[in-house]
Amino acid sequence: MKIYKDFYTSPDVVQIARNLIGKYLFVKSEGIVCGGYITESEAYQGPTDRASHAYNNRRTNRTEVMFYEGGRTYVYLCYGIHSMLNIVTGPKDIPHAVLIRGFMPTTGLEAIKKRIGVNNPSAKNFNGPGKLTKALGINAVHNNLDLSGNEIWLEDRGLKLKGKKIIAGPRIGVDYAKEDALLPYRFVLK
DNA sequence: CGGCCGATCCACT
DNA sequence: GTGGATCGGCCGA
């Protein structure tokens, strides 16, 4: 059920990003466990990807966690407002990561509704990386956590994607990455 | 130390 | 389709 090490340590971050669609993400925040299945992801291919924080093996305090062995979280603040949740993947010293961009809640709905201030939420309330972290109560304290722990983890519950397809396309908001901006590293469940 | 800017979202028009 | 909110990381001086 729970996803363990070898899923994360594969060197093919694009394949991992695709495989994360339909997997379940759980987060314990303020003592409450919330979660759901992932509907959108983006791969960031470390050293060779201009859109990655770790492009050209750029190694700083912030990016250090990306160089760990796969299976940890990388959470950072964007635009001074939004926390972004990434899953670090690949072998040690290969700084790949997958940005988790959207999900569909199945657990802890009451706490989620309270956090986002919406009584009858629909898919559009969970279709962006900032919305996801707000709904699940993810922030900087969730950075650099081991996914084999009980604060944040993923599960394979054998979700059947019947009648739905995983669509690949270019990533969002990475125009500055030049030719790498066109790579089909974004996956969306349709 | 100063300045730039981003893996976003929402409320406008 | 546009702009404002808002702040830590990063780089160059």
Side-chain angles (χ1 to χ4, degrees), chain A residues 8 12-21 23 25 27 29 36 38-68 70 72-90 94-105 112-145 147 152 154 166-189:
Chain A
Y8 302 114
D12 188 345
V13 64
V14 178
Q15 193 57 237
I16 293 174
R18 172 183 278 275
N19 287 338
L20 281 172
I21 302 295
K23 298 295 191 293
L25 166 67
V27 182
S29 184
I38 295 168
T39 58
E40 185 175 342
S41 66
E42 282 179 2
Y44 284 84
Q45 190 150 220
T48 62
D49 182 353
R50 303 179 93 97
S52 170
H53 292 164
Y55 173 60
N56 207 17
N57 282 314
R58 189 153 54 98
R59 201 159 185 152
T60 66
N61 284 338
R62 184 173 66 147
T63 62
E64 186 65 27
V65 63
M66 298 178 77
F67 291 83
Y68 280 66
R72 302 184 77 81
T73 59
Y74 169 40
V75 177
Y76 71 93
L77 190 65
C78 192
Y79 295 100
I81 300 175
H82 305 286
S83 293
M84 301 282 199
L85 172 66
N86 295 256
I87 307 297
V88 174
T89 73
I94 306 295
H96 292 169
V98 177
L99 173 66
I100 308 300
R101 295 186 52 90
F103 81 118
M104 188 59 68
I112 287 172
K113 289 195 288 191
K114 194 172 172 184
R115 285 198 191 99
I116 66 176
V118 177
N119 283 326
N120 294 299
S122 61
K124 69 173 168 35
N125 293 296
F126 309 108
N127 65 350
K131 298 178 188 178
L132 178 145
T133 55
K134 184 177 182 184
L136 293 175
I138 294 171
N139 55 62
V141 309
H142 295 93
N143 184 39
N144 199 357
L145 295 181
L147 290 169
I152 178 167
L154 285 93
I166 298 175
I167 308 294
R171 293 171 295 184
I172 302 296
V174 295
D175 293 345
Y176 61 89
K178 302 184 178 177
E179 67 274 14
D180 291 335
L182 301 175
L183 295 168
Y185 284 2
R186 177 180 182 227
F187 299 98
V188 185
L189 188 63

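So you know, we letter chains A, B, ... as the sequences are listed, proteins then strands, and number each from 1. Computation of the quantities below employed the complete heavy-atom set of this structure, encompassing side-chain atoms and omitting hydrogens, waters and symmetry-equivalent molecules.
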Participant: From C-beta outward on A:I81, which listed nucleotide comes closest to its side chain: C:dG8, B:dA7, C:dA5?
Facilitator: C:dA5
Participant: If I take atom NZ in residue A:K131 and atom P in nucleotide B:dT8, what distance separates them, rounded to the nearest angstrom?
Facilitator: 12 Å
Participant: Could you check whether any side-chain heavy atom of A:L132 comes within less than 4.5 Å of a side-chain heavy atom of A:E40, counting everything from C-beta outward?
Facilitator: no
Participant: Provide, to the nearest angstrom, the distance between the CG atom belonging to A:D175 and the P atom belonging to B:dG6.
Facilitator: 10 Å
Participant: Pick the P atom in B:dC12 and in C:dT6, then give their distance to the nearest Å.
Facilitator: 15 Å
Participant: Is any side-chain N or O of A:H53 under 3.5 Å from a base N or O of B:dA7, one able to act as donor and the other as acceptor?
Facilitator: yes
Participant: Compare the minimum distances between each of C:dC10, B:dA7, B:dC9 and the side chain of A:P129, then state the nucleotide with the smallest one.
Facilitator: B:dC9
Participant: Expressed in angstrom and rounded to an integer, what is the separation of A:K134 atom NZ from C:dA5 atom C1'?
Facilitator: 13 Å
Participant: Quickly work out the A:E64 CD to C:dC10 C1' distance and round it to whole Å.
Facilitator: 16 Å
Participant: If you compare all heavy atoms of A:P170 against all heavy atoms of A:A181, which two are closest, and at what distance to 0.1 Å?
Facilitator: CB-O, 3.7 Å
Participant: Starting the side chain at C-beta, find the nucleotide from B:dG6, B:dA7, C:dC10 nearest to A:R62.
Facilitator: C:dC10
Participant: Any side-chain heavy atom of A:V98 within less than 4.5 Å of one from A:V13?
Facilitator: yes
Participant: Rounded to whole Å, how long is the line connecting atom CE of A:M84 with atom P of B:dC9?
Facilitator: 6 Å
Participant: Nearest-Å distance, CZ (A:R186) to P (B:dA7)?
Facilitator: 15 Å
Participant: Closest approach of A:R101 and A:R186, non-hydrogen atoms and distance?
Facilitator: NE-NE, 4.1 Å
Participant: To the nearest angstrom, how far is A:R58 atom CZ from C:dC10 atom C1'?
Facilitator: 7 Å
Participant: For the residue pair A:S29 and A:H142, what are the closest heavy atoms and their distance?
Facilitator: OG-CE1, 4.2 Å
Participant: Taking atom C1' in both C:dG3 and B:dC5, compute the distance separating them and give it to the nearest angstrom.
Facilitator: 16 Å
Participant: Between C:dG9 and A:T60, is there an OP1 or OP2 to side-chain N/O distance shorter than 4.0 Å?
Facilitator: no
Participant: Going by centres under 5.5 angstrom and planes under 30 degrees, do the aromatic ring of A:Y76 and the base ring of C:dG8 stack?
Facilitator: no
Participant: Are the side chains of A:Q45 and A:S52 in contact, using a 4.5 Å heavy-atom criterion?
Facilitator: no
Participant: If a stem is a run of at least 3 consecutive Watson-Crick or G-U pairs, both distances under 3.5 Å, which stems include DNA chain C?
Facilitator: B:1-6 with C:7-12, B:8-12 with C:1-5
Participant: Is the shortest side-chain heavy-atom distance between A:I116 and A:P121 below 4.5 Å?
Facilitator: yes
Participant: To the nearest angstrom, how far is A:E40 atom CD from B:dA7 atom C1'?
Facilitator: 11 Å
